[in-house]
Every structure is written in structure tokens, then in C-alpha cells.
Engineer: 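Before I ask anything, let me first share the structure, which is written out below as C-alpha cells.
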Amino acid sequence: RAKDSGRNAIQLFRTSMQAAASERLRLENELRQALLRGEFELFFQPQVDARSGQVIGAEALLRWQHPTLGAQSPALFIQVLEDSGLILPVGGWVLSEACRACEQLIAEQLVDGDDFSLCVNISPQQFRQSNFVEQVAASLRDSGLPRAMLKLEITEGIVIHNLDDTIAKMHRLKKLGVSFAMDDFGTGYSSLTYLKRLPVDVLKIDQSFVRDATHDPNDAEIVRAIVAMARSLGLSMIAEGVEQQEQLDFLQQQGCHLYQGYLYSRPLPLAEFRALLVHAKQRPQ
Ligand code: C2E
Ligand code: MG
Ligand code: MG
Ligand code: MG
């Protein structure tokens, strides 16, 4: 009967909700353990100037070296880190570890402060911590990384709480010497009003537009619009998720020459990223 099947549906819904909740809790506990056991690792994805072929920077990307499953992408667990507040200690670790690794590459003369930047993803929650500016300053001081090498990648979600506070904090960080990239640009609350007021240096063109620009006229138009916007605001831009030569050709035609993506390299463990830099240095330009 209808009444019974309705009740059964609710029961089934409750059961699956409980299963999802306990799965979430299990993952949260595993992540907490992972932090304690040192199972997090940073991968580095090169950023390239297509005109010169030079590596001009790298984005640090979090990985969880799961004991049995291997390297796990944050796409699978970043939401749990956010919801549980674990993003704060993990994000703090990412920041100091990325600065330390990059300073090591400088010491080995593989990169140089004048033409290389280190990009670190910062979650909105992490940015909103009252002592965030001090945390960044401490990571820079402890690692000895030249301040101008650090670029913080933020998303448009950062402004939803309080625009004035966000701007003030960004200015304090810029005073330290660091710069800002707006990640996943075009996918969030991209208001021109925000963009005009935020002291952002670089727009990262989201990979969804890059992926489809060569076969979807709407996405091609969005890329053109982003490039035009970046130009008129005096910002530089970088495309992410470039996988095919065709996509790079299109971006360059539009005037976007900086990119990262599988076409050049996947994100690499530090040792492999170092090897790539050694190799790039040996190759005549
Ligand atoms: P994101 O910051 O937009 O990073 C770019 C993502 O695109 C990375 O995924 C990278 O591996 C992937 N990617 C790069 N090139 C290509 C390509 O050519 N094709 C395709 N299909 N993908 C490409 P990843 O490493 O899985 O990270 C996913 C997201 O997780 C990041 O997106 C970022 O939002 C977040 N994330 C990663 N590391 C951190 C971190 O340390 N802190 C915080 N708060 N978030 C992080
Ligand atoms: Mg990013
Ligand atoms: Mg992105
Ligand atoms: Mg993304």
C-alpha cells in the first residue's frame, strides 16, 4: 500500500543518511590520523610561459598518501577537511611545507626569486582566521623564502562574508610582499565590483572553460571575456587544465601565454619536480 511504501522510502532514506554520516565520520577520523602520521604530501605542478618555454612557477597541491590506496586527490576529502575544521592545521602545514620546499629549490639554484613564484591554495576558512597574516609571516620567516615569491590562491568564495575585512587583510598580506591569484575564475560569484576592489594580481582561468573553449563557442566567448577583463583591470592571467596543444594555441591567440596543465606536466612529487627543473635548466632555451 502507498502508506507502507512511503514509510519504507523514509526508512531507506534514514538508513542511507546514517550510512553517509558514519562514512563521513570515518573519513574525518582517518584524515585526523593522516595528519598525525605525516601521510600528507605536497605535489608541485609547473607553470609555464608558452612564449619562452620557461617554468615560471609551481602550484603546490595537497596529496594524501593513503597506506593502501596511494596518493589521493583533495577533491575526495577537501570538503571533509573544511567541515571538520581540520583544514586549519592541514592548511598551516601546507603553507609552511611549501615555503620550505621552495626555499630548498632556491638553495640548489634550481629556481630564482626574480622569475619564479610558488602558488599555495588558501581555503576561505583558513584565510578568515584572525592570525592568518601572522601565520603567513611566520612561514616566510621560518623558511627564509623571499616574500615576493609567495602567491596565495584564493577563490571568489572568500568575499562572501565581509568584503571590507577581506580587502583589509589582503592589503596587510600584500604589505608583507606576497601576491594573490584568483583561482577558478569565472565559476563563483565573479562580480566585477568585487574584482575591481580586491587587490588581486593574477586571474586563473578555470579549467572548465579551457577544456571546452576549442569546441564550445560559449566557452570560447567566456575565455575572451576573461582575457579582456584581465587586460582592462591590469591583471595578469594564467590558464589551468591545459591538456591539448589546440587549447594552448587558442589561449595564445587570445593573448594568454601562461599556463599549467597536463600538456606540460602533471603535478609531481617534489623529487620529480626537482628533476624536471634540472632537466629544464640543461635544455638550451
Ligand atoms: P585547483 O587549485 O584549481 O588546482 C588545479 C587542479 O587541477 C588540481 O587538482 C590539478 O591536479 C588539476 N589539474 C592540473 N592540470 C590539469 C589538467 O591538465 N587536466 C585536468 N583534468 N586537471 C588538471 P587537485 O590537485 O586534485 O586539486 C583539486 C583542488 O583541491 C584544487 O583545485 C584546490 O581547490 C584544492 N586543493 C589542492 N591542494 C590544496 C591545498 O593545499 N589547500 C586547499 N585549501 N585546497 C587545495
Ligand atoms: Mg589552485
Ligand atoms: Mg583552479
Ligand atoms: Mg578547482
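Counting convention: from 1, in listed order, for ligands and their atoms alike. Basis for what follows: all heavy atoms, side chains included, without hydrogens, waters or symmetry-related copies. Positions are given from 1, in the same order as the sequence printed here.
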Engineer: Please could you name the atoms of ligand 1 that E243 approaches to less than 4.0 Å, counting only its heavy atoms?
Structural biologist: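 This gives 17 (C), 18 (O), 19 (N), 20 (C), 21 (N) as the contact atoms.
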Engineer: Do K281 and Q109 meet the criterion of a side-chain donor-acceptor pair at a distance under 3.5 Å?
Structural biologist: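 No, Q109 and K281 have no side-chain donor paired with an acceptor closer than 3.5 Å.
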Engineer: Assess E240: does it contribute an N, O or S atom lying under 2.8 Å from the Mg ion (ligand 3)?
Structural biologist: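 Under 2.8 Å: E240 contacts the Mg ion (ligand 3) through an N, O or S atom.
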Engineer: Check the orientation of W64 and F77. Use parallel for under 30°, tilted for 30 to 60°, and perpendicular for over 60°.
Structural biologist: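 Perpendicular, since the angle between the ring planes exceeds 60°.
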Engineer: Report, in ascending order of atom number, the atoms of ligand 1 lying under 4.0 Å from any heavy atom of G261.
Structural biologist: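 Result: 15 (N), 18 (O).
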Engineer: May I ask you to list the atoms of ligand 1 that are less than 4.0 angstrom from any heavy atom of V242?
Structural biologist: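 Matching atoms, with element in brackets: 18 (O).
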Engineer: Between ligand 1 and G91, can you find any atom pair, the residue atom being a heavy atom, that is separated by under 4.0 Å?
Structural biologist: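 G91 does not count as a contact of ligand 1 under the 4.0 Å cut-off.
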Engineer: Return the option from S123, P124, P74 holding the heavy atom at the smallest distance from atom 44 (N) of ligand 1.
Structural biologist: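 Heavy atom nearest to atom 44 (N) of ligand 1 belongs to S123.
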Engineer: Any Lys/Arg nitrogen of R37 or E30 sitting under 4.0 Å from an Asp/Glu carboxylate oxygen of the other?
Structural biologist: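 Looking at R37 and E30, the cut-off is not met.
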Engineer: For ligand 1, is any non-hydrogen atom under 4.0 Å from V94's backbone (N, CA, C, O), its side chain (CB onward), both, or neither?
Structural biologist: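 Answer for V94: side chain.
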Engineer: Report the C-alpha distance between R211 and D216 in whole Å, list the side-chain angles of each, state the deciding distance to 0.1 Å, and finish with yes or no for salt bridge (Lys or Arg N to Asp or Glu O under 4.0 Å).
Structural biologist: CA-CA 9 Å; R211 191 190 321 123; D216 183 336; over 6 Å; no
Engineer: Which is the closest N/O/S atom of D184 when seen from the Mg ion (ligand 3)?
Structural biologist: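 For D184, the N/O/S atom sitting closest to the Mg ion (ligand 3) is OD1.
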Engineer: Before signing off on this row, confirm whether Q207 and ligand 1 have an N or O atom pair separated by under 3.5 Å.
Structural biologist: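 Yes.
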Engineer: Out of N121, I122, D206, L81, indicate the one that has the non-hydrogen atom closest to atom 46 (C) of ligand 1.
Structural biologist: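 Minimum heavy-atom distance to atom 46 (C) of ligand 1 goes to N121.
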Engineer: Going by the order shown, which atoms of ligand 1 are within less than 4.0 Å of some heavy atom of Q45?
Structural biologist: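 That gives atoms 14 (C), 15 (N) of ligand 1.
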Engineer: Does the pair D165/R128 count as a salt bridge with the N-to-O cut at 4.0 Å?
Structural biologist: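 Result for this pair is no, no salt bridge flagged.
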Engineer: I'd like to know if E59 contacts ligand 1, where contact means a heavy-atom distance under 4.0 Å to any ligand atom.
Structural biologist: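 Contact check E59 vs ligand 1: positive.
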Engineer: Are L195 and I226 linked, directly or through other ILVMFWY residues, by side chains that come within less than 4.5 angstrom of each other?
Structural biologist: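 Linked within one cluster.
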Engineer: Taking atom SG of C102 and atom CG of L270, what is their separation to the nearest 0.5 Å?
Structural biologist: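 Interatomic distance, C102 SG to L270 CG, rounded to 0.5 Å: 10.0 Å.
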Engineer: Examine A75 against ligand 1 and note whether any of their N/O atoms are separated by less than 3.5 Å.
Structural biologist: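 N/O-N/O distance below 3.5 Å does not exist for this pair.
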Engineer: Just by distance, no angles: are the side chains of N29 and Q33 close enough, under 3.5 Å, to form a donor-acceptor pair?
Structural biologist: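 Q33 and N29 do not have a side-chain donor-acceptor pair below 3.5 Å.
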Engineer: Is it the side chain (CB and beyond), the backbone, both or neither of D183 that lies under 4.0 Å from ligand 1, heavy atoms counted?
Structural biologist: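 Looking at D183 and ligand 1, just side chain atoms fall under 4.0 Å.
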Engineer: Side chain of Q45, backbone of S265: donor and acceptor closer than 3.5 Å?
Structural biologist: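 Between the backbone of S265 and the side chain of Q45 there is a qualifying donor-acceptor contact (under 3.5 Å).
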Engineer: Give the atom numbers and elements of ligand 1 that come within less than 4.0 Å of a heavy atom of I78.
Structural biologist: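 Within the 4.0 Å cut-off of I78, ligand 1 contributes 43 (C), 45 (N), 46 (C).
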Engineer: Are any non-hydrogen side-chain atoms of L276 and V55 less than 4.5 angstrom apart?
Structural biologist: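 L276 reaches V55 side chain to side chain.
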Engineer: Is Q129 reaching over with its side chain to a backbone N or O of Q126, donor-acceptor style, under 3.5 angstrom?
Structural biologist: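 It does hold such a pair.
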Engineer: With respect to the Mg ion (ligand 2), what is the nearest N, O or S atom of E153?
Structural biologist: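 The nearest such atom is OE1.
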Engineer: So which of S73, G241, P267 gets nearest to atom 26 (O) of ligand 1, if we judge by its closest heavy atom?
Structural biologist: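 Heavy atom nearest to atom 26 (O) of ligand 1 belongs to S73.
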Engineer: Salt bridge (Lys or Arg N to Asp or Glu O under 4.0 Å), that's the test. Do R100 and E103 meet it? Break it down for me.
Structural biologist: CA-CA 5 Å; R100 205 191 50 74; E103 172 54 33; over 6 Å; no
Engineer: Run the numbers for me: atoms of ligand 1, each under 4.0 Å from some heavy atom of R63, listed by number.
Structural biologist: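 Under 4.0 Å from R63, ligand 1 has these atoms: 11 (O), 24 (P), 25 (O).
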Engineer: Any carboxylate oxygen within less than 4.0 angstrom of a Lys/Arg side-chain nitrogen, looking at E28 and R32?
Structural biologist: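 Answer for the salt bridge query: yes.
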Engineer: How large, to 10°, is the angle at the Mg ion (ligand 2) when you draw lines to OD2 on D183 and to OE2 on E59?
Structural biologist: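 D183 OD2 and E59 OE2 form an angle of 180° at the Mg ion (ligand 2).
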Engineer: From atom 3 (O) of ligand 1, work out which of V120, D184, T187 has a heavy atom at the shortest distance.
Structural biologist: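 The option holding the nearest heavy atom is D184.
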Engineer: Would you kindly specify which portion of R266 sits under 4.0 Å from ligand 1, judged on non-hydrogen atoms: side chain, backbone, both or neither?
Structural biologist: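 Neither part.
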